[in-house]
Amino acid sequence: MPIVVLILTGIVALAIASSFWFWPPAILATAAVFVLALMALRDRFQTRHSLRRNFPLFARGRWMMEAIRPFVRQYFIESDIDGAPINRMFRSIVYQRAKEEMDSVPFGTRVDVYRSGYEWIGHSLAAIPVGKVEPLRVKVGGPDCRQPYRASILNISAMSYGALSPNAVLALNRGACKGGFAHNTGEGGISPYHMREGGDLIWQIGTGYFGCRDHAGRFCPDTFRANAARESVRMIEIKLSQGAKPGHGGILPAAKNTPEIAAIRDVPVGVEVESPPTHSAFDSPLGLMAFIARLRELSGGKPVGFKLCIGRRSEFVALCKAMLESGTTPDFITVDGGEGGTGAAPLEYTNSVGMPLRDALAFVDDCLTGFGLRSSVTVIASGKILTGFHLVKNLALGADLCNSARGMMLALGCVQSLVCNSNHCPTGVATQNPRLQRGLVVSDKGDRVASYHARTLRATAELIASAGLCHTLELNRTHIHRRIDQHAIRRYDEIFPYMPYGALLQQPLPPEFALYMEEADVDHFLPRQCLTRTRTGTGTEGVVERI
């Protein structure tokens with residue numbers, strides 16, 4: 001086969017060259033054939049790709065088709081309800097609301113309402129005009145907080161400068177300022193781009209303590225105090241884990257550690273910087289509570305909380321035990337679902353680590369309720385939240401507020417090209433390439449972010465007004481229905497039964513929590529012993545075994 005290709009290439013080249021006297025441009029065609037012949041020779045003798053070695057030149061078509069496959073599929077093949085991680089129907093509604101275009105749908109739903117998993121809100125015959133809905137804001141700040149913050153029910157989830165371009169961060173913050181909602185900095189620290197437009201900030205502190213670290217990478221109270229005192233910093237969030245890659249650290253390569261990044265993250269220039277998988281400032285649930293109290297004092301009483309993706313349930317139970325024992329509670333807890341997004345993560349972590357948001361949110365709400373702590377802690381939901389109904393169902397399940405990252409990225413102009421980890425983002429959102437960044441115009445995209453937020457909140461207000469409610473705080477699990485199969489429908493309160501207030505403080509314990517309560521240890525995140533319930537004989541009663 002290779003010899004045949006070379007012979008045919010030579011014959012074609014000679015034929016084209018001989019026509020030069022009659023058609024002068026033939027010399028260009030000859031050069032092109034010559035280049036193709038060299039590529040075929042290179043393919044024939046390289047040793048890395050079997051297809052190219054056996055089928056020189058022609059096999060390159062495979063890589064060409066693979067390169068354009070995602071775009072062909074997105075623009076020509078997928079339907080409105082196809083596409084991952086965000087389908088076209090939801091992408092379109094974000095674009096329409098961001099651009100202030102018509103966002104109504106003609107001719108009825110395109111969703112199969114009889115499929116398993118279909119969900120809806122139960123409206124009321126006592127529906128109220130949307131004008132009677134109160135401002136959709138919630139106070140964040142527990143009994144020890146001296147500077148509570150009234151937050152919008154929808155805010156920008158954590159995305160660091162570095163993962164996002166300077167223009168993207170500027171536009172997000174401009175939208176937050178215009179729309180009156182909060183912008184989470186991500187664990188990369190507070191950059192100048194977070195400050196320039198004047199939007200409210202949630203300062204996230206990760207395991208690298210960027211912006212509040214000493215030269216050894218440990219927490220530094222002095223730099224923390226200085227940054228926390230900024231007027232725009234309204235809340236402080238300790239990142240324990242995130243949904244897309246819980247329990248996974250990160251490394252900033254030396255080549256990417258520019259003078260600007262180094263100044264923002266408070267690290268030396270040009271060195272590799274590690275974000276460990278765990279914190280060095282504390283190593284136990286009680287240690288975390290002491291750290292929360294310390295940050296609250298250093299910040300002058302601003303709301304301090306933590307973000308986590310639920311892994312082993314007994315570990316969150318241990319956190320609740322530590323709250324009671326220490327007398328310190330976080331002002332808020334951000335629950336990130338395992339479906340959460342990120343610019344780059346290992347496939348195994350993205351697909352197979354972390355509890356999905358719906359289950360995690362119900363569990364956290366039940367735990368706090370069972371320990372009698374729910375009234376002191378604001379719960380924030382994060383994970384694939386794009387529309388008013390996404391807000392409503394998470395708020396009904398147990399959240400007080402919601403955060404969105406990918407919704408805000410789409411409002412910026414993201415087209416889901418799925419190249420966030422390559423520095424080649426075509427819309428300038430997730431890239432540090434100056435040529436691509438210039439395509440994102442801050443003034444225009446900032447207004448779009450604000451518009452998307454405002455119109456999504458308007459849709460949320462209309463939904464709860466249809467249910468006869470004046471505020472999202474009145475939502476509960478009885479309002480949302482889910483089709484279990486072709487014959488059964490269940491309300492959320494039937495799927496996720498409510499925990500009686502204080503039920504985990506008295507005997508007998510709810511059976512589903514008994515093992516978690518015994519495993520949970522306030523002095524260690526990991527349980528000292530892993531427990532399981534096994535059956536004995538042919539009876540139904542079980543015994544607890546230690547593994």
Side-chain angles (χ1 to χ4, degrees), residues 79-90 93 105 107-127 243 309-310 313 335 337-340 351-352 354-370 374 379 381-399 402 459-460 462-469 472-501 503-504 509-516 533 535 540-542:
S79 71
D80 285 349
I81 57 176
D82 288 334
I86 310 297
N87 68 35
R88 178 174 289 276
M89 176 174 63
F90 292 140
I93 199 71
V105 178
F107 222 62
T109 182
R110 301 179 189 182
V111 176
D112 180 5
V113 298
Y114 294 100
R115 63 171 173 81
S116 298
Y118 174 69
E119 296 177 331
W120 67 95
I121 183 173
H123 66 282
S124 172
L125 295 178
C309 177
I310 297 295
R313 297 187 187 209
V335 183
E339 65 271 45
N351 289 349
S352 308
M355 187 181 293
L357 178 59
R358 182 169 57 236
D359 307 277
L361 190 56
F363 174 72
V364 167
D365 182 60
D366 288 343
C367 271
L368 293 172
T369 301
R374 186 63 181 88
V379 176
S382 175
K384 220 170 183 180
I385 294 170
L386 302 162
T387 70
F389 182 67
H390 292 150
L391 280 168
V392 163
K393 71 177 183 178
N394 283 293
L395 296 172
L397 192 52
C402 293
T460 304
E462 290 173 343
L463 282 175
I464 64 171
S466 296
L469 309 177
T472 52
L473 291 175
E474 297 175 330
L475 284 164
N476 58 57
R477 299 178 191 179
T478 68
H479 289 106
I480 307 298
H481 300 75
R482 181 179 177 86
R483 180 174 292 283
I484 304 302
D485 55 39
Q486 292 295 310
H487 308 288
I489 294 169
R490 297 284 185 272
R491 295 188 318 196
Y492 266 8
D493 64 316
E494 297 173 298
I495 302 171
F496 305 102
Y498 273 112
M499 171 74 71
Y501 200 82
L504 297 177
L509 292 170
E512 64 273 21
F513 274 80
L515 292 181
Y516 306 145
R533 189 172 297 281
R535 290 187 178 182
T540 58
E541 293 299 320

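- When all heavy atoms of Thr109 and Val113 are compared, the closest pair comes out as CG2-CG1, 4.2 Å.
- With sequence neighbours excluded, the residues satisfying side chain to side chain contact (heavy atoms under 4.5 Å, CB included) with Arg313 are Met355, Phe363, Tyr516.
- In plain terms, the two heavy atoms of Leu475 and Leu395 that are nearest each other are CD1-CB, 4.0 Å.
- Here the closest heavy-atom approach between residue Leu397 and residue Ala362 is recorded as CD1-CB, 4.0 Å.
- Every residue two or more places apart in sequence or in another chain that forms a side chain to side chain contact (heavy atoms under 4.5 Å, CB included) with Ile385 is listed here: Leu357, Ala381, His390, Leu391, Asn394, Cys402.
- Contacts of Ala503 classified as side chain to side chain contact (heavy atoms under 4.5 Å, CB included), with partners at least two apart in sequence or in another chain: Met499, Pro500, Pro510.
- Across all non-hydrogen atoms, the minimal contact from Ile484 to Ser116 is O-OG, 3.4 Å.
- For Ile464 against Thr472, the heavy-atom pair with the smallest separation is CD1-N, 3.7 Å.
- Annotation: side chain to side chain contact (heavy atoms under 4.5 Å, CB included) contacts of Ala126 (sequence neighbours excluded): Ser124.
- A heavy-atom distance below 4.5 Å is not found between the side chains of Leu386 and Ile93.
- Here CG of Asn351 is found 12.0 Å from CD of Glu339. Values are rounded to the nearest 0.5 Å.
- Across Gln486 and Arg483, no two heavy atoms sit closer than the pair O-NH1, 3.4 Å.
- Partners of Tyr118 under the ring pair (Phe, Tyr, Trp, His ring centres under 6.0 Å) rule, at least two apart in sequence or in another chain, are Trp120.
- With contacts defined as side-chain heavy-atom distances shorter than 4.5 Å, the pair Leu509/Phe513 does not qualify.
- Atom OH of Tyr498 sits about 9.0 Å away from atom CG of Asp366, to the nearest 0.5 Å.
- Screening residues 110-119 for salt bridge (charged side-chain N to carboxylate O under 4.0 Å, His left out), with sequence neighbours left out, gives Asp80-Arg110, Glu119-Arg358, Glu119-Lys393, Glu119-Arg482.
- Cation-pi check for Arg374 over Tyr501 is not met; the charged atom does not lie both under 6.0 angstrom from the ring centroid and within 45 degrees of its normal.
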